[in-house]
Amino acid sequence: MPILLALLLATAFPSTSRTSWMRPDSFHLTIGMSRADAMTALEKWAPKPGKDANEMVVDYSDDKALTLLFRKDRLISVRFELFVFLPEIRAAFDEERAYLAESLGKPRKATKSILIYDNALPNIMVVATDDPKSQHGKQGLGVLAVRYYDPR
């Protein structure tokens, strides 16, 4: 019986969370780490160059992406993006709001679509876009972006 229980506990269960992947530690990333270490941590997802030499992009899945920004070969920003149907974006935003409130307390600024935590490093900004007139909204998609960054 103990062996069966251990096997059951060791088996990965799919998460029902839409946002649990949207954290640097989910990818073994830390703001301030070297570019080489960040690329090693992400190598199985084949990072691609971004819009300039200081940016790398990871297409995590069809509806998930990461954008990394480097300065002087140090990771200064990780932006997680979730693309879901417009009606689902509010639930994802509320889930991330609840997680951050539980782990970090009250944000310095909070609106219907924005959360800002800037009282400790890394700073965190959460933005939900569910405007049906936006570029993604015209396709029926909303975007949840969670950015961990060093503003210095």
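Note that the coordinates shown come from a computational prediction; the quantities given were computed from them, not determined experimentally. The first residue in the sequence is number 1, and the count goes up from there.
In this structure a side-chain-to-backbone donor-acceptor pair under 3.5 Å is present from D150 to R152. Between the T19 side chain and the M22 main chain, no donor and acceptor come within less than 3.5 Å of each other. Side chain of T129 to main chain of L144: no donor-acceptor pair is present (N/O by atom type, distance under 3.5 Å, no hydrogens or angles). Using a distance-only test at 3.5 Å, with no hydrogens or angles considered, no donor-acceptor pair links the side chain of E102 to the main chain of A98.
Rounding to the nearest 0.5 angstrom, the gap separating the OG atom in S113 from the CG atom in D130 is 5.5 Å. Considering CE of M56 and CZ of F70, their distance stands at 7.0 Å, rounded to 0.5 Å. To the nearest 0.5 angstrom, I124 atom CD1 is 4.5 Å from Y148 atom OH. From S77, atom OG reaches atom CG of N54 across 11.5 Å, with rounding to the nearest 0.5 Å. To the nearest 0.5 Å, atoms CD (E81) and NZ (K64) are separated by 13.5 Å. The distance from atom CG of N123 to atom CD1 of I31, rounded to the nearest 0.5 Å, is 10.0 Å.
The two atoms that bring R90 and A128 nearest to each other are NH2-CB, 4.0 Å, heavy atoms only. Contact between G137 and L86 at its shortest, heavy atoms only, is O-CD1, 3.9 Å. The two residues S26 and S20 have their closest heavy-atom pair at OG-O, 3.2 Å. Between P107 and A110, the closest heavy-atom pair is CG-CB, 3.8 Å.
The residue from L68, V58, T67 that alone fulfils the side chain to side chain contact (heavy atoms under 4.5 Å, CB included) condition with P47 is V58.
Connection of L104 to F80 is established within a shared hydrophobic cluster, with ILVMFWY side chains joined at heavy-atom distances below 4.5 Å, either directly or through further cluster members. F93 and I116 are members of different hydrophobic clusters when ILVMFWY side chains are connected at heavy-atom separations under 4.5 Å. With hydrophobic clusters built from ILVMFWY side chains whose heavy atoms lie under 4.5 angstrom apart, Y149 does not share a cluster with L115. Hydrophobic clustering, with ILVMFWY side chains joined whenever heavy atoms are under 4.5 angstrom apart, keeps L29 apart from M125. In the hydrophobic clustering of this structure, M39 does not group with V57; members are Ile, Leu, Val, Met, Phe, Trp, Tyr whose side-chain heavy atoms approach within less than 4.5 Å, directly or through other members.
The side-chain hydrogen bond (donor to acceptor under 3.5 Å, both in side chains) pairs that include a residue from residues 34-46 are S34-D37, where partners are two or more places apart or lie in different chains.
With sequence neighbours excluded, no residue satisfies salt bridge (Lys or Arg N to Asp or Glu O under 4.0 Å) with R147.
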#### Entry: Intermediate values then yes/no, salt bridge (charged side-chain N to carboxylate O under 4.0 Å, His left out), R18 and E88
CA-CA 10 Å; R18 282 229 182 250; E88 299 172 41; 2.2 Å; yes
### Message
Could you walk me through whether L141 and V84 satisfy the side chain to side chain contact (heavy atoms under 4.5 Å, CB included) test, starting with their C-alpha distance in whole Å, then the side-chain angles of each, then the deciding distance to 0.1 Å, before giving a yes or no?
### Response
CA-CA 5 Å; L141 294 176; V84 294; 5.9 Å; no
### Task
Might you work through the side chain to side chain contact (heavy atoms under 4.5 Å, CB included) test for H28 and L42, ending with a clear yes or no?
CA-CA 8 Å; H28 307 289; L42 296 171; over 6 Å; no
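A cation-pi arrangement is present between R23 and Y99, with the terminal nitrogen or guanidinium carbon under 6.0 Å from the aromatic centre and inside a 45° cone about the axis.
Within 6.0 Å of CG on D25 lie more than 12 heavy atoms contributed by other residues, nucleotides or ligands.
Relative ring orientation between Y60 and W21 is described as parallel, the plane-to-plane angle staying below 30° on a 0-90° scale split at 30° and 60°.
Side chains of T30 and L75 form no contact here, defined as non-hydrogen atoms less than 4.5 Å apart.
The closest side-chain donor-acceptor pair between S17 and E95 falls under 3.5 angstrom.
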